[in-house]
Protein chains: 2
Amino acid sequence: MCHSPTDQHMAIAVDCVVFGLDDEDLKVLLIQRDAEPMAGVWALPGGFVLPDETLDEAASRELAEETGLTRVFLEQLYSFGAVDRDPRGRVVSVAYYALVALRDHRVRAATDARDVAWFAAADLPTLAFDHEHILDMGLQRLKGKVRYQPIGFELLPSKFTLSQLQRLYEVILERSLDKRNFRKKILAMGILEELDEVEQDVAHRAARLYRFDPDKYARLVEAGFSFEV
Amino acid sequence: MCHSPTDQHMAIAVDCVVFGLDDEDLKVLLIQRDAEPMAGVWALPGGFVLPDETLDEAASRELAEETGLTRVFLEQLYSFGAVDRDPRGRVVSVAYYALVALRDHRVRAATDARDVAWFAAADLPTLAFDHEHILDMGLQRLKGKVRYQPIGFELLPSKFTLSQLQRLYEVILERSLDKRNFRKKILAMGILEELDEVEQDVAHRAARLYRFDPDKYARLVEAGFSFEV
DNA sequence: TTGCCTTGGTGTAATCTGTACACTATATTA
DNA sequence: TAATATAGTGTACAGATTACACCAAGGCAA
């Protein structure tokens with residue numbers, strides 16, 4: 001590849017903005033870099049794309065290698081190509097964003113990562129390279145997309161209460177929603193399956209559990225339905 | 001750059017999906033390739049990113065070089081990284097989409113392009129590489145975005161009639177709109193400036209001309225307004 | 001010059017959707 | 001059994017969306 005017709009070769013990296021939701025707020029998963037440059041600095045999980053893998057494959061692989069996360073919602077976000085964004089030379093980064101149900105996944109530091117940790121999206125450390133910029137873009141995308149596509153469910157366990165779902169939107173959209181109106185609207189969509197189960201181990205009346213039904217959703221979309229919170 | 005720490009070098013290209021609108025339908029600007037591979041085949045304008053330019057700069061430059069278009073709306077679309085998408089080797093393409101007021105811009109074939117022509121989006125020739133896939137994505141993005149952001153104006157001359165604007169949405173969204181409701185809604189937004197001019201050289205009653213006012217729009221957005229057709 | 005053709009431009013009533021708002025029910029814990 | 005914490009429910013009003021039909025103006029051809 002060093003002597004293709006163009007000889008305009010560059011390195012291509014992928015970086016992942018991984019979102020998680022805990023009871024309180026929106027979190028982002030960061031790794032502490034173990035290698036130079038910027039060893040010890042917090043950064044988005046990511047790395048170089050290998051010659052025989054697609055961009056999506058590279059993003060999944062890096063996420064698994066550096067954080068242990070597999071089988072999560074992962075979608076391309078934007079590509080970053082500032083000339084001097086990486087001190088090692090010309091590196092274009094294709095950024096992805098991932099949504100993870102925090103409680104269902106344990107993360108662990110591995111390849112190239114000294115440590116892995118969840119940080120509140122509103123209170124982040126200084127990040128390596130242009131990763132703050134990438135993260136901003138991820139946040140913007142999440143806020144924009146969560147209202148029009150049923151991706152929020154990816155941040156919850158598969159069985160969840162309506163209050164959890166409502167809190168999810170309140171946290172991401174940064175505004176409060178009316179309980180009765182929210183429940184009315186969400187249930188009227190007909191994309192949730194009402195389970196014969198309630199949450200366990202809570203110090204108050206237990207709430208009913210629901211599950212998102214992707215098939216019902218797909219059928220409704222087919223018929224012209226469009227999701228909107 | 002051949003011996004950076006990673007040695008995972010690839011070529012990076014940009015490709016542009018250029019949309020234009022004529023009285024009848026939505027058009028896409030294609031070039032007929034002059035160089036191998038795929039000489040003589042129609043393709044999206046584009047080319048390799050140079051070492052000292054950003055992705056946005058590369059997209060503008062290629063568009064200008066191959067089609068003569070400058071100063072048009074140009075926004076990143078998606079990056080394509082299938083391993084075998086280009087026979088020359090590993091090439092990742094960062095795709096852009098552009099919106100052009102067809103009448104205001106003359107296009108001309110130049111560097112690397114044997115010919116340049118507008119094709120109806122609904123009736124395209126076979127395209128080089130994975131450009132049909134890229135074009136599909138561009139169409140999807142345009143349809144999705146035109147409803148929620150005032151980018152449609154980029155496809156019209158700076159002074160336009162409400163009927164032209166309505167036809168624009170009808171063509172892109174592929175459904176008809178009610179004339180009275182459309183005008184009521186658009187005018188109620190308060191983002192158009194009503195001019196003291198009417199269109200010229202028409203064989204019927206001349207329609208009043210309007211202009212999109214980006215400042216008014218920016219002020220409204222500031223105040224919480226959100227555009228929607 | 002008259003009439004025809006084409007597109008421009010306008011209002012209202014009915015329906016649907018979104019919003020505001022407060023109390024009772026149920027489980028746990030002290 | 002009382003206190004507390006969250007679950008769960010309905011209605012009235014306002015605003016937005018939809019459906020719908022006719023007159024106006026200018027060019028053109030007979």
Side-chain angles (χ1 to χ4, degrees), chain A residues 21-24 103 146-148 156-157 159-171 173-211 220 223-229, chain B residues 21-25 103 147-148 156-157 159-171 173-211 220 223-229:
Chain A
L21 191 75
D22 90 10
D23 283 339
E24 298 308 310
R103 291 157 185 241
V146 85
R147 294 193 50 204
Y148 302 107
L156 294 177
K159 299 172 181 183
F160 52 83
T161 70
L162 294 182
S163 293
Q164 289 176 311
L165 188 61
Q166 181 178 342
R167 259 194 300 279
L168 182 154
Y169 286 106
E170 290 181 331
V171 165
L173 302 177
E174 298 180 283
R175 66 198 179 85
S176 60
L177 302 170
D178 179 87
K179 181 161 65 158
R180 279 177 289 195
N181 293 339
F182 178 80
R183 296 161 98 93
K184 203 190 318 176
K185 185 168 188 173
I186 288 285
L187 291 176
M189 290 181 188
I191 60 176
L192 296 187
E193 183 186 355
E194 179 173 330
L195 303 175
D196 286 325
E197 284 178 74
V198 295
E199 57 183 342
Q200 301 298 319
D201 304 317
V202 286
H204 51 78
R205 175 173 173 186
R208 178 175 294 271
L209 292 171
Y210 292 81
R211 182 159 37 204
L220 284 166
F225 167 76
S226 91
F227 180 88
E228 181 176 345
V229 174
Chain B
L21 191 75
D22 99 10
D23 282 341
E24 297 308 309
D25 43 28
R103 294 161 182 234
R147 294 194 50 206
Y148 302 106
L156 294 178
K159 299 172 181 184
F160 51 84
T161 71
L162 293 181
S163 293
Q164 288 176 312
L165 187 61
Q166 181 177 344
R167 259 195 300 278
L168 182 155
Y169 287 105
E170 290 181 332
V171 165
L173 302 176
E174 298 180 283
R175 66 199 178 84
S176 61
L177 302 170
D178 180 87
K179 181 163 63 161
R180 279 177 289 195
N181 294 338
F182 178 79
R183 295 161 97 94
K184 203 191 316 176
K185 185 168 189 170
I186 287 285
L187 291 176
M189 289 182 188
I191 59 177
L192 296 188
E193 183 186 353
E194 179 173 328
L195 303 176
D196 286 326
E197 285 177 73
V198 295
E199 57 181 345
Q200 300 299 319
D201 303 317
V202 286
H204 52 78
R205 175 173 172 185
R208 177 174 294 271
L209 292 171
Y210 292 81
R211 181 158 39 203
L220 284 165
F225 167 77
S226 90
F227 180 89
E228 182 176 344
V229 175

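By convention in this document, chain letters (A, B, ...) are assigned in the order of the sequence lines, proteins followed by strands, and residues within each chain are numbered from 1. Computed from a predicted structure; not experimentally measured.
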For [X] and [N], what is the distance between atoms [atom1] and [atom2] respectively, to the nearest whole Å?
{"X": "A/Phe182", "N": "C/dT17", "atom1": "CZ", "atom2": "P", "result": "18 Å"}
{"X": "A/Leu187", "N": "C/dG18", "atom1": "CG", "atom2": "C1'", "result": "16 Å"}
{"X": "A/Glu194", "N": "D/dT9", "atom1": "CD", "atom2": "C1'", "result": "13 Å"}
{"X": "B/Glu197", "N": "C/dG8", "atom1": "CD", "atom2": "P", "result": "17 Å"}
{"X": "B/Phe160", "N": "C/dT7", "atom1": "CZ", "atom2": "P", "result": "20 Å"}
{"X": "B/Leu177", "N": "D/dA19", "atom1": "CG", "atom2": "P", "result": "11 Å"}
{"X": "A/Tyr210", "N": "D/dA7", "atom1": "OH", "atom2": "P", "result": "11 Å"}
{"X": "B/Leu162", "N": "C/dT10", "atom1": "CG", "atom2": "C1'", "result": "12 Å"}

Inset, instruction - Answer with base, sugar-phosphate or nothing: what part of the nucleic acid does B/Arg208 contact at a heavy-atom distance below 4.0 Å? - result: sugar-phosphate
Inset, instruction - Scan B/Thr161 against the nucleic acid and name what it touches under 4.0 Å (heavy atoms): base, sugar-phosphate only, or nothing. - result: nothing
Inset, instruction - Look at A/Arg147 together with A/Glu228 and state whether they make a salt bridge at an N to O cut-off of under 4.0 Å. - result: yes
Inset, instruction - Determine whether B/Arg175 and B/Leu177 make a side-chain contact, defined as any pair of heavy atoms from C-beta on separated by less than 4.5 Å. - result: yes
Please list, pair by pair, any protein nitrogen or oxygen found under 3.5 Å from a nitrogen or oxygen in nucleotides 12-15 of chain C.
from, atom 1, to, atom 2, distance (Å)
C/dT12, O4, B/Lys184, NZ, 3.0

Inset, instruction - Return the nearest nucleotide to the side chain of B/Arg180; candidates are C/dG9, C/dG11, C/dG18. - result: C/dG11
Legend entry - Heavy-atom closest contact (B/Arg211 atom, B/Leu195 atom, distance): NH2-CD2, 3.6 Å
Legend entry - Results of ring-ring contact (aromatic ring centres under 6.0 Å, His included) for A/Tyr210 - residues two or more places apart only: none
What's the spacing between [X] [atom1] and [Y] [atom2] if we round to 0.5 Å?
{"X": "A/Arg167", "Y": "A/Leu21", "atom1": "CZ", "atom2": "CG", "result": "9.0 Å"}
{"X": "A/Leu162", "Y": "A/Ile186", "atom1": "CG", "atom2": "CD1", "result": "8.0 Å"}
{"X": "A/Leu168", "Y": "A/Leu156", "atom1": "CG", "atom2": "CG", "result": "5.0 Å"}
{"X": "A/Ser163", "Y": "A/Phe182", "atom1": "OG", "atom2": "CZ", "result": "9.0 Å"}
{"X": "A/Arg208", "Y": "A/Lys159", "atom1": "CZ", "atom2": "NZ", "result": "13.0 Å"}

Legend entry - Inter- and intrachain pairs under salt bridge (Lys or Arg N to Asp or Glu O under 4.0 Å), touching residues 178-187 of chain A, at least two apart: none
Inset, instruction - Please name all residues satisfying salt bridge (charged side-chain N to carboxylate O under 4.0 Å, His left out) with A/Asp23, sequence neighbours left out, ordered by chain then number. - result: A/Arg103
Inset, instruction - Work out how much the helix from C/dT1-D/dA30 to C/dA30-D/dT1 bends between its end axes, five pairs an end, to the nearest 10 degrees. - result: 10°
Inset, instruction - Return yes if some donor-acceptor pair links the side-chain N/O of B/Gln200 with the main-chain N/O of B/Val198 below 3.5 Å, else return no. - result: yes
Inset, instruction - May I ask you to verify if any side-chain N or O of B/Ser163 is less than 4.0 angstrom from the OP1 or OP2 atom of C/dT7? - result: no
Write down the protein N/O and nucleotide N/O pairs, taken from nucleotides 22-27 of chain D, whose separation is under 3.5 Å; answer none if there are no such pairs.
from, atom 1, to, atom 2, distance (Å)
D/dA24, N3, B/Arg205, NH1, 3.2

